[in-house]
Number of protein chains: 2
Amino acid sequence: MTGTSNTPASVKVTIDAWESLFRAQVAVMRKVSAKPEFHKLSMREYDVLFNLRICPGGRSRLVDLNRYLLISQPSLSRMVTRLEDKGLITREADPTDQRAMQLSLTPRGLAVQQEIGREHVKHIYEQIGTALSEEEFLQLQQLTSKLRSAIK
Amino acid sequence: MTGTSNTPASVKVTIDAWESLFRAQVAVMRKVSAKPEFHKLSMREYDVLFNLRICPGGRSRLVDLNRYLLISQPSLSRMVTRLEDKGLITREADPTDQRAMQLSLTPRGLAVQQEIGREHVKHIYEQIGTALSEEEFLQLQQLTSKLRSAIK
DNA sequence: TGTTATTAGATGCATACGCATATAAATTGG
DNA sequence: CCAATTTATATGCGTATGCATCTAATAACA
């Protein structure tokens, strides 16, 4: 529970927090996107594998996966084709909906995701691990979770 | 001062916070990038105008501006050309460094930035204004500022 | 100072991207 | 239960992107 009663915040405080969050995200990503793990796969491609792995059952329809990504649906469709060609993802017909495709990681896709993930975690930790105390990271996690869950 | 003594945080707590922040950012951006203000200019282009406006003196060299963006240097170079063609930015020789170009907003560039900015702020506020209390937004701002300033 | 290394920006090229739209299947509602 | 609408994915097409590299200017240093 983050539990505080919510009178809506002022525009200024809201926007200042958002801009600060956004800029922090950019600063971290700039550093981390240059790391060697993203030479095998782009960050956007890694993000697809990551989101697919954490899906319930490790499977997802294209459109559902797309909700977690900033990329457009047609771009995702083509990216999935490329990842399929690389043997990292499979596209199977959904028995319950003839229009839909069930995506899932191949064993190699999972392995690649985990390998890149390990490196990525290491580099994120190198970048920010000492920036905040444990309690502060916990607070940050709670605030951003709450923020995210409030989005319609 | 956010003032807490910093024993380095555990990997888990750090990464959980980072992932949560990242996902919150994606969720907000997904909503907000669909808004009509980004039909005139893409979000990346707007971000260039925004960052140029808040530069000290409203001017910046290409490479310095680039540090605040996720886009690559060649892409920024070409984007600047396009924004120049649209009359929103000027590229002037830097008297102190013959290699460099000083970028700045034209009056129209400033006007466009401010117009899009106003809409953008409104939509961000609509999305997240009631998600957290005023104190929580303040905390979030402080934590993310501290996070950002810690990045080498 | 002359040579080398570094830095700023631009450009060629292959490719990934977004938008508009097509196709085909599912849902709605008369 | 059929026509109209909506939903899921794919594709055509023009453009923006990133990587590698180029040129030109500055910095480093021997």
Side-chain angles (χ1 to χ4, degrees), chain A residues 26 29-49 51-52 55 59-86 88-104, chain B residues 26 29-49 51-52 55 59-86 88-104:
Chain A
V26 168
M29 287 314 260
R30 260 196 74 79
K31 289 289 181 177
V32 147
S33 64
K35 301 291 180 185
E37 60 267 28
F38 296 115
H39 290 178
K40 349 184 64 166
L41 237 49
S42 74
M43 242 182 348
R44 288 175 142 180
E45 288 170 326
Y46 169 72
D47 206 34
V48 167
L49 299 193
N51 276 283
L52 202 45
C55 275
R59 342 186 100 254
S60 173
R61 300 189 315 166
L62 196 137
V63 115
D64 295 328
L65 187 59
N66 199 203
R67 286 185 229 290
Y68 299 105
L69 305 169
L70 289 176
I71 205 178
S72 72
Q73 177 273 315
S75 291
L76 179 57
S77 177
R78 283 189 250 244
M79 187 188 286
V80 166
T81 304
R82 294 193 303 272
L83 293 171
E84 216 180 357
D85 292 346
K86 290 185 181 179
L88 304 179
I89 276 187
T90 57
R91 232 195 202 109
E92 295 167 28
D94 182 339
T96 76
D97 185 340
Q98 300 279 107
R99 295 168 302 181
M101 296 306 261
Q102 287 281 353
L103 309 179
S104 52
Chain B
V26 168
M29 288 314 260
R30 260 196 74 79
K31 289 288 180 179
V32 148
S33 64
K35 301 292 181 186
E37 61 267 30
F38 297 114
H39 290 179
K40 350 183 66 166
L41 235 49
S42 74
M43 239 179 354
R44 288 175 144 181
E45 288 170 326
Y46 168 71
D47 206 34
V48 167
L49 299 192
N51 277 283
L52 202 44
C55 274
R59 343 185 99 256
S60 173
R61 301 189 313 166
L62 195 136
V63 114
D64 295 328
L65 187 60
N66 198 203
R67 286 185 227 289
Y68 298 105
L69 306 169
L70 290 177
I71 205 178
S72 71
Q73 178 272 315
S75 291
L76 179 58
S77 177
R78 283 189 249 244
M79 187 188 285
V80 166
T81 304
R82 294 193 303 271
L83 292 170
E84 216 180 357
D85 292 346
K86 289 184 180 178
L88 304 178
I89 277 188
T90 56
R91 231 193 203 111
E92 294 167 27
D94 181 340
T96 76
D97 185 340
Q98 301 278 106
R99 294 167 303 181
M101 298 305 265
Q102 287 282 353
L103 308 179
S104 53

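Each chain gets a letter, A, B and so on, in the order its sequence line appears, and its residues count up from 1. Please read these numbers as outputs of a predicted model, since none were measured by experiment.
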Problem - For B:Arg59 against B:Ser104, the heavy-atom pair lying closest together - result: NH2-OG, 3.8 Å
Exercise for the section: Measure across A:Ser60 and A:Asp64 and return the closest heavy-atom pair with its distance rounded to 0.1 Å. Expected result: OG-CB, 3.6 Å
Exercise for the section: Return the residues of residues 66-82 of chain A meeting this criterion: a heavy atom under 4.0 Å from some atom of DNA chain D. Order them by number, or give none. Expected result: A:Gln73, A:Pro74, A:Ser77, A:Arg78
Handout entry: Toward the 5' end of DNA chain C, by each residue's nearest nucleotide, A:Glu45 or A:Pro95
Key = A:Glu45
Practice task
May I ask you to say what A:Asp97 touches in the nucleic acid, namely base, sugar-phosphate or nothing, with a heavy-atom cut-off under 4.0 Å?
Solution key: sugar-phosphate
Exercise for the section: Take the protein atom CG of B:Asp47 and the nucleotide atom P of D:dA16, then report the distance between them rounded to whole Å. Expected result: 17 Å
Exercise for the section: Start with the C-alpha gap between A:Gln73 and A:Leu62, add the side-chain angles, then the distance that decides, and say whether side chain to side chain contact (heavy atoms under 4.5 Å, CB included) holds. Expected result: CA-CA 8 Å; A:Gln73 177 273 315; A:Leu62 196 137; 3.9 Å; yes
Practice task
Would you check, one step at a time, whether the test salt bridge (Lys or Arg N to Asp or Glu O under 4.0 Å) holds for A:Asp85 with A:Arg82?
Solution key: CA-CA 5 Å; A:Asp85 292 346; A:Arg82 294 193 303 272; over 6 Å; no
Completion exercise
Rounded to whole Å, CG of A:Asp64 lies from P of D:dA8 at a distance of 7 Å
Practice task
Mind running salt bridge (Lys or Arg N to Asp or Glu O under 4.0 Å) on B:Asp97 and B:Arg61 for me, showing each step along the way?
Solution key: CA-CA 10 Å; B:Asp97 185 340; B:Arg61 301 189 313 166; 3.6 Å; yes
Handout entry: Interatomic distance, B:Arg61 CZ vs C:dT6 C1' [rounded to whole Å]
Key = 13 Å
Problem - Closest nucleotide among C:dA10, D:dA25, C:dA24 to the A:Arg99 side chain - result: C:dA24
Exercise for the section: Provide, to the nearest angstrom, the distance between the NZ atom belonging to A:Lys86 and the P atom belonging to C:dA16. Expected result: 8 Å
Problem - Length of the CG-P vector between A:Leu103 and D:dA10, whole Å - result: 8 Å
Exercise for the section: Mind grabbing the angle between the end helix axes of the helix from C:dT1-D:dA30 to C:dG30-D:dC1? Five pairs an end, 10° rounding. Expected result: 40°
Fill in the blank from the handout: Which of B:Asn51, B:Leu83, B:Val80 passes side chain to side chain contact (heavy atoms under 4.5 Å, CB included) with B:Leu103? Answer is B:Val80
Problem - Residue-phosphate contact under 4.0 Å: B:Arg91 side-chain N/O, C:dG9 OP1/OP2 - result: no
Exercise for the section: Would you check, one step at a time, whether the test side chain to side chain contact (heavy atoms under 4.5 Å, CB included) holds for B:Leu69 with B:Leu76? Expected result: CA-CA 9 Å; B:Leu69 306 169; B:Leu76 179 58; 3.9 Å; yes
Problem - Spacing of A:Glu84 atom CD relative to C:dA16 atom P, expressed in whole Å - result: 15 Å
Problem - Atom pair CG (A:Asp47) and CG (A:Leu65), whose distance is rounded to the nearest 0.5 Å - result: 9.0 Å
Fill in the blank from the handout: Side-chain atoms of A:Arg44 come closest, of C:dA10, C:dA26, C:dG18, to C:dG18
